[in-house]
Amino acid sequence: MSKYHFNEIEAKWQKHWAKNQTFKAENKSDKPKYYVLDMFPYPSGAGLHVGHPLGYIASDIYTRYKRHQGFNVLHPQGYDSFGLPAEQYAIQTGQHPAKTTEENISRYREQLDKLGFSFDWSREVRTSNPEYYRWTQWIFLQLFDSWYDKDQNKARAIEELRVVFSSEGNIHVNAICDEGIAHFTASEWLDFSETKKQEILLKYRLTYLAETEVNWCPQLGTVLANDEIVNGVSERGGYPVVRKKMKQWSMRITAYAQRLLDGLDKIDWPQPLKDSQTNWIGRSKGASVTFKVKNVPSSAVEKSYSIDVFTTRPDTIFGVSFMTLAPEHDLVSKITTAEQKEAVENYIEATAKRSERERMADVKTITGVFTGAYAEHPFTGDSIPVWIGDYVLAGYGTGAVMSVPCGDQRDYDFAKHFNLPIPNIFKDADISEGAYSDKENTIITNSDFLNDLNYQQATEKIITALEEKGVGEGKINYRLRDAVFSRQRYWGEPFPIYYKNGMPHAIPTECLPLRLPEVEKYLPTEEGEPPLGRATKWYWNEKNSEVVSPPSEGQGEDIYPLELNTMPGWAGSSWYFFRYMEDENRDEVFASKEALNYWKNVDLYIGGSEHATGHLLYSRFWVKFMHDRGLVPVEEPFKKLINQGMILGESAFVYRMNSKITISKIVSADDQSKSENWTKTISDSRIKDIELTNDKILLSNIFVDFNEYKRIKKEKGFSNIIMKDWEKERIKAYSKFIPENVKEFFNLDKYSISFNADGIHADVLFVNSHNELDIEAFKNWREEYKDAIFILEDGSIFDSNSSPSGRPGGDFKVSREVEKMSKSKYNVVNPDDICNQYGADTLRMYEMFLGPLEQAKPWNTAGITGVHGFLKKLWKLYHSPFEGGKGDVSPSQEPNDFYVSNEAASKDSLKTLHKTIKKTQEDIEHFSFNTSVSSFMIAVNELSAQKCNAREVLEPLAILISPYAPHIAEELWQKLGHSESISTAPFPKFEQQYLVESSKEYPISFNGKMRFTLELPLDLSKEEIESAVMAHEKTAQYLEGRTPKKVIIVPGKIVNIVG
RNA sequence: GCUCGAGUGGCGGAAUUGGUAGACGCGCUGGAUUCAAAAUCCAGUGUUUUAGGACGUGCGGGUUCGAUUCCCGCCUCGAGUACCA
């Protein structure tokens, strides 16, 4: 019988599919469309490990399934190829990032191709290609040319705003824009200079340039978005991040906060992902309140100031006993009194020095200082002291709070710390220990006209009162901040912007792409400008519309400097899913209307949950914007989304007895009783310890087997004094490896010795499935391990330097631990190796078999044999002459070993088949791929036992398996006599009739515990079942003479006898 | 701290509306085959036991004829978030 030669089969079909463009999607088709997308990869230098393709395999299975169901499926792939690692590498090596990116991409492509994915590569995108980023720049300019009209609740063209300004000024314009724009009339607008007009328009644009507080990462030399910072350090590299004011491009994503929130209800995404977007947007409902600052003579206040606050608890306004401003608040310098000036300035200086990380790590310390100023309570007129404190964040709300210590724990703690009054405005609430923040059971008291109202009523009433008095209004606030869009880096999209009189101007869209210039180094300039500042040719000639060299003295009036920043990583990934839709007219449009209208949105998107508040939020924002401006027909990019769980690695640890060996003097029981001596002995031994621990070379190259390590640790503990004879023997045995200068300490009569060992990562490549280390491979891994000595499982020593003939009997075992799969942990398993050894079909199936798609799970190469064995059995099923003769069809007429019969299948085989059709279909639709692999195994086991080689079973079976193991399925399909690819063969139709049973093996339970089973016909009535069960001899046995109180019968399910 | 998710054999995991807990695979044990190994095939494999059972889905309660599944209270682990007024 011919063997299952997976390497040949897989290479053959991969070549065939590529040559015939089997998976090319059509933009015009009678079939219904379906769009399956993977989050495109960043092509890193490390290549793929087995964890990366998990999502791609899942999406490919779904894609192939949909093709079998008769859909025209778009399943493209590309590369998110701008990014920091390539640039960091460029800085280190001087290699152009484009070159390394290109190399990495071809490596990725090679690896992806080996896995048999059904991608339509003809539509590939690379975000770093000028033909692609041309359109990223173009969309940026659309944002630049737009403003957000609150009345229409959508983005509109900036030209329309100009028209409004020229006819009625900005008084009636209700836009989402910068704060504090002065009002002007139409005639004033017309009189403004062009520069002034641009300055005003910039405050309205959806992407705008503004001096903002940004997260500056000095080590990376760039600013970072909030989602690029993890625990106060940069996501990439883990470098510290500090707050800094810089002029930056920002995206007015806040304009879309409510719509981004509302849209979540309309999309089928995992709840945790929706939750994290909801939290990130952070909508809170409350009120804004204005407090007047009282005039204080000593503060030299010339005009009157007021403090705006946002509060979610306006109902507690009568509980305000002080106000707190963020130290960065603009008013601080203006209202601080002369007496407090020094203290306030010192405080501001001190807080500015504290890094974001410090502030976060230390939230318990309460700091603050009084400004000397007082505000006036809008209802009682009382004087309220104004403090500053760093628990108030400049970036949220207005950067100021009305402090209600009885209702807010932070205000409470602040009040306690500075001895400020804590008036209680809650009926029957105890605030002696902490603030009372319960909203549900609140009854307000000591609050004038709010007395005896609950939270809801009081909130309503106070908002009305605030609005009547003109000192506040109901307001909704969002945590979401505008997104910083500038990066001080080289390897990103250049902004199509030049500066004229300090104002940004757009490069005409027909001149795009604005190509990334060459630079001689990828570092910032000496003046601290971004790397593009090094480009020799980076000016814009407005007249000729071209990039030129800087103007020389006295020349070039039409020549203006270009923007030096580049766009962030999320620019290119915020719209790439539209680009795949277009196949022919990519030079004319980002995607044609026809393509956009045909494909609409992504039906299924698969990727990691780490993009929850970055990519997935930004793309939703861009799509909503593009929809507003009529560029795309949809409002949400991804209809259904699935997060694949991470595949974790199983790290291997070898135990190295290193410099941690310590030695101490033997202490007798007598010594211990004399406490003076005891102390002295200890201190003596400490001196020795220090001498030794400083000697880093001591035993640094001795490795101990994991079991031996555990044994020693268990029996005595490495760090305890070794007393047992066998341990002494061992130490004597090891003593020959001990350097001369410390040999003195190994005198066991004088000293006792204690060992220690550390687990260090060993490459999992050197470890087999029984956790045994390949000692030779390990020694050759690193120069420093060349002369290593190994203490084996049986306690014997293997030292190849003294016994070169090879190692003795014992094994050397490592310990295992599940960790994230990463190069630095040496636990990376390469899919290429698996493909070579077992084949892509095995790898695909095994990755699915590991567990539920969305769950994190450890990779264990040992288990792969089960799936591989299954494919061998599957192959065998089609190649076994069960009936003792040859099958009547053997299309290839080659080595005639393919056995398929046209005779009718047995009833059992049809039952097996239809059971499997049903299960597979349900599983795929529920993305439960692990369970369908199990059902294939069951099916093949059953069919083999049934000796089935009926075509009417084996043909549909090949289709069922083809989404999972496409290569073997194609091969079998061809052998079955088909000349067309299996990929569009119709999915087998499930027919209930083959599953109809006439009897059921009933579980018979007594008081809920199953005791025995009884086969009964399914058409029996409850009464008949009962009498059949009661008549059974075992029933009497289990009843032990009792009379059943009740007999529960669920026909077709269970019988339960109670009593 | 808050939000979300998860706890089932030695391991990965299954049990679709409350109805035979542990499917399927790995590993392990025994056997066949082999000079031997690999590969393959067969049988067994939750714990415990006086061999009839008893106990078993993180822990403690509850609802039910019946709970891995539903409810209440805890514990542990993981992810996200971080003074959000």
- Taking syn as any angle within 90 degrees of 0 and anti as the rest, which one fits B:G9? syn

- Message: Of the listed nucleotides (B:G25, B:A85, B:G13), which one gets closest to any side-chain atom of A:Arg410?
- Response: B:A85

- Query: Will you find, in the side chains of A:Tyr347 and A:Thr367, an N or O donor that is under 3.5 Å from an N or O acceptor?
  - Reply: yes

- Message: My understanding is that a pair needs two contacts under 3.5 Å, Watson-Crick or G-U wobble. By that rule, which nucleotide pairs with B:U64?
- Response: none

- Message: Counting the atoms with a prime plus P, OP1 and OP2 as sugar-phosphate, which does A:Lys1045 contact under 4.0 Å by heavy atoms, base, sugar-phosphate, or nothing?
- Response: nothing

- Report which part of the nucleic acid A:Asp275 touches: base, sugar-phosphate, or nothing (heavy-atom distance under 4.0 Å, all strands). sugar-phosphate

- Message: Using ring-ring contact (aromatic ring centres under 6.0 Å, His included), reason through A:Phe414 and A:Phe322 one step at a time and then give a plain yes or no.
- Response: CA-CA 10 Å; A:Phe414 195 86; A:Phe322 60 101; 5.5 Å; yes

- Query: So what does A:Lys919 touch, heavy atoms closer than 4.0 Å: a base, only the sugar-phosphate, or nothing?
  - Reply: base

- Query: How is A:Ser1005 classified with respect to the nucleic acid when contacts are heavy atoms under 4.0 Å: base, sugar-phosphate, or nothing?
  - Reply: nothing

- Task: Could you check whether A:Asn930 gets within reach of a base, just the sugar-phosphate, or nothing at all, counting any heavy atom under 4.0 Å?
- Result: sugar-phosphate

- Shortest non-hydrogen contact from A:Tyr964 toward A:Phe929: OH-CD2, 3.5 Å

- So, is A:Lys872 close to the B:U40 phosphate, meaning a side-chain N or O under 4.0 Å from OP1 or OP2? yes

- Aromatic centroids of A:His377 and A:Phe318 separated by under 6.0 Å: yes

